[in-house]
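Mind looking over this structure? Questions follow.
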Amino acid sequence: VSSKENHSIVASDNTNELVTFVIDSYRHHKIKPPVPPDKINQLVKLCIEQNLGRLYYLMIHNNPAAAFFLLYDQNRVYALFSGIDSKFRNEQYTEYLHAAVLQEPEFQGKIFDFLGANTPDFEQFKRSFGGQLQQGFRVVYYKNTFTRILLKLREQQHMLSRRTTR
């Protein structure tokens, strides 16, 4: 797809690194993956075989550093899975993967949907691409008092962490 110095972005149908990066990303953020790794692998392979999705890797010195899998149709592009090799976690260039993939001609003019953008750990990264964050659903009532208090505290903690100082 594209290349710059020792970095390149390539389309691939090899899902092994993607699955490893996704599972490592969930662990890094202390979140349990929604399904086992073998199910992620099966889903991604099937989507690629059926031309419903594309898998891209950011290669640094010919090593997979980050992966990005998306589903698409005539109108939308869905960012379904992405992850990064922990060795490259502090490499600023890894953000280039998402930006470069979004520039691909077949994705131009489509609505791009970052699934899971409401997850606090991922929200800031996903907002950095611009656009409008739209909420898919919202729970407005919690019967359990402890749950209400806990969620309010987590929301306040999240809002405090987003504040910037000058």
Side-chain angles (χ1 to χ4, degrees), residues 1-4 6-139 154 158:
V1 174
S2 63
S3 152
K4 183 178 179 183
N6 295 318
H7 303 79
S8 61
I9 296 180
V10 296
S12 177
D13 60 358
N14 181 347
T15 60
N16 295 333
E17 287 87 3
L18 169 71
V19 173
T20 299
F21 295 166
V22 167
I23 298 303
D24 288 348
S25 180
Y26 275 98
R27 286 184 186 135
H28 176 78
H29 293 286
K30 298 176 178 64
I31 301 172
K32 184 179 177 186
V35 294
D38 63 319
K39 297 296 183 195
I40 295 172
N41 198 22
Q42 286 176 345
L43 173 66
V44 172
K45 282 184 177 187
L46 183 61
C47 290
I48 292 171
E49 289 170 7
Q50 298 295 317
N51 291 321
L52 299 172
R54 288 246 179 108
L55 172 59
Y56 295 90
Y57 284 103
L58 169 65
M59 306 295 283
I60 299 180
H61 299 286
N62 295 320
N63 295 308
F68 185 32
F69 176 73
L70 34 83
L71 294 175
Y72 57 92
D73 61 23
Q74 292 178 336
N75 301 316
R76 292 183 179 265
V77 178
Y78 300 93
L80 191 58
F81 296 114
S82 64
I84 186 168
D85 186 323
S86 60
K87 294 182 292 200
F88 299 102
R89 193 166 301 284
N90 294 323
E91 173 76 39
Q92 294 294 330
Y93 202 72
T94 57
E95 293 180 6
Y96 176 67
L97 174 61
H98 288 72
V101 167
L102 294 178
Q103 295 302 314
E104 288 293 296
E106 62 268 28
F107 303 134
Q108 295 297 303
K110 294 185 179 184
I111 297 168
F112 190 81
D113 193 341
F114 270 116
L115 301 171
N118 59 340
T119 306
D121 288 334
F122 303 124
E123 178 186 12
Q124 184 176 7
F125 169 72
K126 292 176 179 181
R127 279 186 185 268
S128 71
F129 289 94
Q132 181 181 5
L133 184 64
Q134 296 178 338
Q135 193 168 11
F137 64 90
R138 180 183 174 123
V139 176
R154 289 189 74 202
H158 173 65

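These numbers come from the heavy atoms of this one structure, side chains and all, not from hydrogens, waters or symmetry mates.
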### Query
With Phe21, which residues qualify under ring-ring contact (aromatic ring centres under 6.0 Å, His included), at least two apart?
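Phe21 satisfies ring-ring contact (aromatic ring centres under 6.0 Å, His included) with no residue once adjacent residues are dropped.
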### Query
Going from SG on Cys47 to CG on Leu55, what distance comes out if it is rounded to the nearest 0.5 angstrom?
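It comes to 11.0 Å.
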### Message
So which atom in Tyr57 and which in Leu97 form the shortest heavy-atom distance, rounded to 0.1 Å?
### Response
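Taking Tyr57 first and Leu97 second, the nearest heavy atoms are C-CD1, 4.0 Å.
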### Message
What I'd like to find out is whether the side chain of Val44 reaches to under 4.5 Å of the side chain of Val19, using heavy atoms alone.
### Response
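No, their side chains stay 4.5 Å or more apart.
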### Task
Taking Tyr56 for its side chain and Ala100 for its backbone only, find out whether a donor-acceptor pair lies under 3.5 Å.
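Checking the backbone N and O of Ala100 against the side chain of Tyr56, no donor-acceptor pair under 3.5 Å is found.
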### Query
So do the side chains of Gln103 and Gln108 get within less than 4.5 Å of each other, counting heavy atoms only?
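Yes; the side chains approach each other to less than 4.5 Å.
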#### Entry: Considering all heavy atoms, the nearest Tyr72-Arg54 contact
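Between these two residues, the closest heavy atoms are CE2-CG, 3.6 Å.
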### Minimal non-hydrogen separation, Ile9 against Val101, with atom names
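Taking every non-hydrogen atom into account, CG2-CG2, 4.4 Å.
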### Residue of the set Phe68, Phe107, Phe112 for which ring-ring contact (aromatic ring centres under 6.0 Å, His included) holds with His98
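Passing option: Phe68.
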### Message
If I compare all heavy atoms of Phe81 with all of Val22, which pair ends up nearest, and what's the gap?
### Response
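Reported closest heavy-atom pair: CB-CG2, 3.8 Å.
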### Query
CG/Leu58 to OG/Ser8 distance, rounded to the nearest 0.5 angstrom?
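With rounding to 0.5 Å, CG (Leu58) is 7.0 Å from OG (Ser8).
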### Task
Determine the interplanar angle of the His7 and His61 rings, folded into 0 to 90°, and report it as parallel if under 30°, tilted if 30 to 60°, perpendicular if over 60°.
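Answer is tilted, since the angle falls between 30° and 60°.
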### Query
Rounded to the nearest 0.5 Å, what separation is found between the CG atom of Asn41 and the CD1 atom of Ile23?
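Those atoms lie 10.0 Å apart.
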### Query
Looking only at heavy atoms, what is the nearest atom pair of Lys45 and Thr15, with distance?
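Scanning both residues completely, I find the closest heavy atoms to be CE-OG1, 3.3 Å.
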### Message
Contact between Ile111 and Asn75 at the side-chain level, heavy atoms closer than 4.5 Å - yes or no?
### Response
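Not in contact.
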### Query
Rounded to the nearest 0.5 Å, how far apart are CD1 of Ile84 and OG1 of Thr20?
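Nearest 0.5 Å value for the CD1-OG1 distance: 14.0 Å.
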### Message
To check you understand the geometry: which heavy-atom pair defines the closest contact between Glu17 and Pro64, and what is its length?
### Response
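Result for this residue pair: CG-CG, 3.8 Å.
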### Ion pair Arg76/Asp73, N-O distance below 4.0 Å
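A salt bridge is absent here (no side-chain N lies under 4.0 Å from a carboxylate O).
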### Query
Does a side-chain heavy-atom distance below 4.5 Å link Leu70 with Leu80?
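No, too far: nothing below the 4.5 Å cut-off.
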